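As the structure lists them, so they are numbered: ligands from 1, and atoms in each ligand from 1. All of these numbers come straight from a predicted model, not from anything done at the bench.
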Amino acid sequence: MAEQAGRFSRRAVLAGALGAAAAPRGISMVDEPRLPVPTPEQLAWQEAELSMFFHFGVNTFTDREWGEGTEDPAIFNPERFDAEQWVDAAKQAGFKYLILTAKHHDGFCLWPSRHTKHSVAASPWRGGKGDVLGDFARAVHAAKLKLGIYISPWDRHEPCYGDSPAYNKHFVAQLDEVLTRYGEVGEVWFDGACGEGPNGKRQEYAWDDFYATVRKRQPKALIAISGPDVRWVGNEDGYARETEWSIQPAPNGARAVVDGKAWWPAECDVSIRPGWFWHPTEDARVKPLDHLLDIYFRSVGRNSMLLLNVPPNRHGLLADPDVARLAEFGASVRRMFGQDLARGKRVTSSSGNGGALTDGRPATHWSVPSGLPASAEVDLGAPVTFDVVCTREQISRSQRVEAYRVDARVDGEWRTLVQGSTIGRKKLDRMKPVTADRVRLTLEKALAPPMVTALSLYRTGAPGTE
Ligand code: FUL
């Protein structure tokens, strides 16, 4: 019941964006239309592809998903806590932004906050001198990865919750702490969940104050989910839609608005286990490798960031099955995309510089100044077998392609392999293995003159290509 309320609230915050699967209207293909583009931080974030969530706190010790706020800090004692172990496992598997639940809905703070007694300082762990967020931040920075902080506005412990001005002040003070004590922060993750306060009053969050605090203290941090820089994809399965636009109706707080639209790319959150927190019975329910790879194709391969949750256990460590699965996942992704079979192959295009598609250089793109459809044909020289076609747009110049097609010449006959819609940062199309000596990309419809940086071919053996 409560859980439903939380999910609904987050949806409500995003109402307007979620229905926007279709192309943003009102823009026609003219020479250089005004389209929103990513900030440098959004661009770097999208290039990173993989981020990891660590749900950890009193729920880890109570076997619950949502705490009540009445948990005794005495239960928090992860006696072998080692943030470096978490960070190593994430880094080896290719994850670049690591986000810790510094405070979940139960209100227990994983850092010693001056504004509440309900924190690690009241726990027996390290004699009350420990700081989970501090150790985590140090390990993330030492590994040269990006630090992310999840801090729940909904707080079931804090007595002033529900007295809106008082609680908003309290929350801003806590935000200020986590944003000033731990070095550079790359992402701040706000959940929209908003329950009743103990006094029966409903808390009205002062989002503008929250955003202003982040902008002031960490101008480079992306504000995610209930925030204007990164958009929740709308489910917790890790799946984006086939058609996924980073151009969206501008949310409140957007940095740059162009004709009512902003750059608001999607993030796909999902847990490696059934729950967000660690539960003793779920060590045997870590998602199989094929499931995780399928998620990769449906998130990263659909113009989105994957945010995979891996919850530490009561020892304060990632459990063995999760560590093993992450290593398999990282190795599989590296192997699958290790060799681009189209790299360096000759391209003939109906217009523009099609050669940019196979030159392996992200900075160059095939630019089609006017007139669609336009096509570019890759001569593979000899029959080549592949099962994934990867296309990429030059998103520093916005997202433009609305419809494309991929055809291949198999035994002298052309056949259509893909009839697609959006491309965006990266589109991965899976198929049964195809052996072809020529592959043709046709751009059929676009908001503006398309700029496509890459057409790559891979033999992956991935799930969905059997
Ligand atoms: C949800 C929360 O209520 C869950 O507990 C979890 O933190 C998930 C990522 O977001 O809305």
Side-chain angles (χ1 to χ4, degrees), residues 1-15 17-18 50-71 86 90 95 97-110 132-133 136 148-158 161 171 174-175 178 187-197 202-203 205 207 210 222-227 229-240 266-279 282 285 287 292 295 299 304-313 322:
M1 197 46 195
E3 180 141 10
Q4 285 304 325
R7 285 172 194 212
F8 178 75
S9 320
R10 191 154 87 197
R11 286 214 174 95
V13 168
L14 296 173
L18 295 181
L50 297 173
S51 49
M52 196 172 283
F53 232 163
F54 299 91
H55 274 68
F56 186 53
V58 284
N59 295 338
T60 312
F61 294 84
T62 56
D63 201 13
R64 299 189 61 152
E65 278 291 298
W66 281 10
E68 304 276 356
T70 51
E71 291 75 18
W86 313 0
F95 289 75
Y97 282 69
L98 310 192
I99 308 176
L100 173 68
T101 53
K103 179 178 88 161
H104 203 251
H105 311 325
D106 51 70
F108 182 76
C109 299
L110 293 183
V132 174
L133 178 54
F136 179 76
I149 298 179
Y150 168 115
I151 175 162
S152 169
W154 186 25
D155 187 325
R156 302 176 98 180
H157 177 82
E158 180 51 44
Y161 187 89
F171 186 73
Q174 289 201 319
L175 239 190
V178 299
E187 184 170 345
V188 178
W189 213 95
F190 286 136
D191 197 302
C194 176
E196 294 289 333
R202 200 158 175 89
Q203 176 71 32
Y205 296 136
W207 289 110
F210 304 170
L222 298 172
I223 310 178
I225 312 307
S226 289
D229 304 323
V230 168
R231 172 172 58 93
W232 183 45
V233 80
N235 64 71
E236 293 181 337
D237 304 321
Y239 297 159
E267 182 177 74
C268 300
D269 60 335
V270 60
S271 185
I272 198 167
R273 291 159 172 247
W276 291 103
F277 285 87
W278 181 86
H279 302 286
E282 292 185 357
R285 300 185 63 196
K287 288 188 170 60
L292 292 183
I295 287 172
S299 54
S304 302
M305 168 66 105
L306 169 58
L307 173 55
L308 180 67
N309 176 64
V310 186
N313 63 19
D322 308 64

Undergrad: Could you pull out the closest heavy-atom pair between Trp207 and Ser226, with the gap in Å?
TA: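 Looking at all heavy atoms of both residues, the closest pair is CH2-CB, 3.5 Å.
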Undergrad: For the residue pair Phe53 and Trp276, does the interplanar ring angle fall in the parallel (under 30°), tilted (30 to 60°) or perpendicular (over 60°) class?
TA: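 The arrangement is perpendicular - the two ring planes meet at more than 60°.
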Undergrad: Between Asp191, Asp106, Ile225, flag the one that comes closest to atom 1 (C) of ligand 1 by a heavy atom.
TA: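 Among Asp191, Asp106, Ile225, the closest heavy atom to atom 1 (C) of ligand 1 belongs to Asp191.
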Undergrad: Between Gly195 and Arg202, what is the shortest heavy-atom contact and its length?
TA: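 Answer, listing the atom of Gly195 first, then Arg202: C-NH1, 4.3 Å.
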Undergrad: If you measure every N/O of Trp276 against every N/O of ligand 1, is any gap under 3.5 Å?
TA: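 Between Trp276 and ligand 1 (N or O atoms, distance only) the closest approach is not under 3.5 Å.
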Undergrad: Would you mind running through ligand 1 and noting each atom that sits below 4.0 Å from a heavy atom of Phe53?
TA: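 Heavy-atom distances to Phe53 below 4.0 Å select 9 (C).
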Undergrad: Look at the aromatic rings of His105 and Trp66 and report parallel, tilted or perpendicular, splitting at 30° and 60°.
TA: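 Perpendicular.
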Undergrad: Any N/O of Trp66 closer than 3.5 Å to an N/O of ligand 1?
TA: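 Among all N and O atoms of Trp66, at least one is under 3.5 Å from an N or O of ligand 1.
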Undergrad: I'd like the name of whichever of Glu65, His104, His55 reaches closest to atom 5 (O) of ligand 1 through any heavy atom.
TA: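 Among Glu65, His104, His55, the closest heavy atom to atom 5 (O) of ligand 1 comes from His104.
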Undergrad: For the residue pair His55 and His104, categorise the inter-ring angle as parallel (less than 30°), tilted (30 to 60°) or perpendicular (more than 60°).
TA: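 His55 vs His104 ring planes: perpendicular.
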Undergrad: Please verify whether a non-hydrogen atom of Trp154 lies at under 4.0 Å from ligand 1.
TA: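 Trp154: no contact with ligand 1 (<4.0 Å).
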Undergrad: Looking at His105, which atoms of ligand 1 are within less than 4.0 Å of one of its heavy atoms?
TA: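 Counting from 1, the qualifying ligand atoms are 2 (C), 3 (O).
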Undergrad: For ligand 1, which atoms have a heavy atom of Tyr150 less than 4.0 angstrom away?
TA: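 Close to Tyr150: 7 (O).
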Undergrad: Where does the angle between the aromatic ring planes of Phe54 and Phe136 fall among parallel (under 30°), tilted (30 to 60°) and perpendicular (over 60°)?
TA: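 Rings of Phe54 and Phe136: perpendicular, over 60°.
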